[in-house]
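Remarks on the structure that follows.
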Amino acid sequence: MADCRKLRPTGLYDGRQGFTYNEGVSAQSVGSQGICMHLLTIPPGGRARAHKHASHETAIYVLEGETVMFWGERLEHRMEVGAGEVLYIPADMPHLPMNLSDRPAVAVISRTDPNEQESVTLLPELETLVP
């Protein structure tokens, strides 16, 4: 039987998506089997690489700031997400988040993949579709 664990997200790691994340709940940190949860700060002007998470859903709660996310098979949709809002991204959905504001954006990110980076699929062919 696994034990309950408490973490303080102080360690950092670089994700394939192009952002630096605070370490949180994952298979690597606590042995989780079906979920990961991390804290992300997107600096002003920060932009991820176009990507998707194969077979895994994502839920994001924005704590501070505002972001813009392009999503869809050709990143044809645009959504603004701000503090106090929750965003759901279905499995296998191409997306590209960015911070167009002059303030950092901070969010809690949770996925149904305990090994957060294993399901990341980069989509470089979509990069030029978003200015």
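Everything quoted here is computed from the prediction, not taken from an experiment. These values consider heavy atoms only, across backbone and side chains, with no hydrogens, waters or symmetry-generated copies.
Residue pairs meeting the ring pair (Phe, Tyr, Trp, His ring centres under 6.0 Å) criterion with at least one partner in residues 97-117, sequence neighbours excluded, do not occur; the list is empty. Pairs of residues two or more places apart, or lying in two chains, never qualify as ring pair (Phe, Tyr, Trp, His ring centres under 6.0 Å) while including a residue from residues 112-131. The salt bridge (Lys or Arg N to Asp or Glu O under 4.0 Å) analysis of residues 14-24, with sequence neighbours excluded, yields no pairs. Here ring pair (Phe, Tyr, Trp, His ring centres under 6.0 Å) pairs that include residues 112-131, with residues two or more places apart or in two chains, number zero. Sorted by first then second residue, the ring pair (Phe, Tyr, Trp, His ring centres under 6.0 Å) pairs that include residues 105-131, not counting sequence neighbours, number zero.
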Enumerate donor-acceptor pairs with a distance under 3.5 Å from any side-chain N or O in residues 119-131 to protein atoms, sequence neighbours excluded.
{"unit_1": "Ser119", "atom_1": "OG", "unit_2": "Asp113", "atom_2": "OD2", "d": "2.9"}
{"unit_1": "Glu127", "atom_1": "OE2", "unit_2": "Ala50", "atom_2": "N", "d": "2.5"}

Please list every donor-acceptor pair under 3.5 Å in which a side-chain atom of residues 87-99 meets a protein atom from a residue at least two apart or in another chain.
{"unit_1": "Tyr88", "atom_1": "OH", "unit_2": "Glu57", "atom_2": "OE2", "d": "2.5"}
{"unit_1": "Asp92", "atom_1": "OD1", "unit_2": "Ser55", "atom_2": "N", "d": "3.3"}
{"unit_1": "His95", "atom_1": "ND1", "unit_2": "His51", "atom_2": "O", "d": "3.4"}
{"unit_1": "His95", "atom_1": "ND1", "unit_2": "Met93", "atom_2": "O", "d": "2.8"}
{"unit_1": "His95", "atom_1": "NE2", "unit_2": "His51", "atom_2": "NE2", "d": "3.1"}
{"unit_1": "Asn99", "atom_1": "OD1", "unit_2": "Ser101", "atom_2": "N", "d": "2.9"}
{"unit_1": "Asn99", "atom_1": "OD1", "unit_2": "Ser101", "atom_2": "OG", "d": "2.7"}
{"unit_1": "Asn99", "atom_1": "ND2", "unit_2": "Ile42", "atom_2": "O", "d": "3.0"}
{"unit_1": "Asn99", "atom_1": "ND2", "unit_2": "Pro43", "atom_2": "O", "d": "3.4"}
{"unit_1": "Asn99", "atom_1": "ND2", "unit_2": "Arg103", "atom_2": "O", "d": "2.8"}

With a cut-off of 3.5 Å and sequence neighbours excluded, list every side-chain donor-acceptor pair involving residues 78-85.
{"unit_1": "Arg78", "atom_1": "NH2", "unit_2": "Glu80", "atom_2": "OE2", "d": "3.2"}
{"unit_1": "Glu85", "atom_1": "OE1", "unit_2": "Gly82", "atom_2": "N", "d": "2.7"}

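At least one donor-acceptor pair closer than 3.5 Å links the side chain of Ser32 to the backbone N or O of Ala27.
With sequence neighbours left out, Tyr21 forms a ring pair (Phe, Tyr, Trp, His ring centres under 6.0 Å) with Tyr13. Scanning for side chain to side chain contact (heavy atoms under 4.5 Å, CB included) contacts around Leu12 gives Thr20, Asn22, with sequence neighbours left out. By the side chain to side chain contact (heavy atoms under 4.5 Å, CB included) test, Ser26 pairs with Gln28, Ser29, Cys36, His38, sequence neighbours left out. Not counting sequence neighbours, the partners of Pro44 by the side chain to side chain contact (heavy atoms under 4.5 Å, CB included) test are Pro104.
The hydrophobic clustering, which links ILVMFWY residues whose side-chain heavy atoms are closer than 4.5 Å, places Val62 and Trp71 together. Hydrophobic clustering (ILVMFWY, side-chain heavy atoms < 4.5 Å, transitive): Val86 and Met69 are in distinct clusters.
In this structure, His56 NE2 and Asn115 CG are separated by 8.0 Å, a value rounded to the nearest 0.5 Å.
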| task | Go through Gln17 and His53 one step at a time and tell me if the side-chain contact (heavy atoms from CB on, under 4.5 Å) criterion holds. | result | CA-CA 10 Å; Gln17 305 94 310; His53 300 272; 3.6 Å; yes

| task | Give the intermediate values and the outcome of side-chain contact (heavy atoms from CB on, under 4.5 Å) for residues Ser110 and Ile35. | result | CA-CA 7 Å; Ser110 185; Ile35 192 168; 3.5 Å; yes

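Taking 4.5 Å as the limit, some side-chain heavy atom of Leu63 sits within range of a side-chain heavy atom of Val108.
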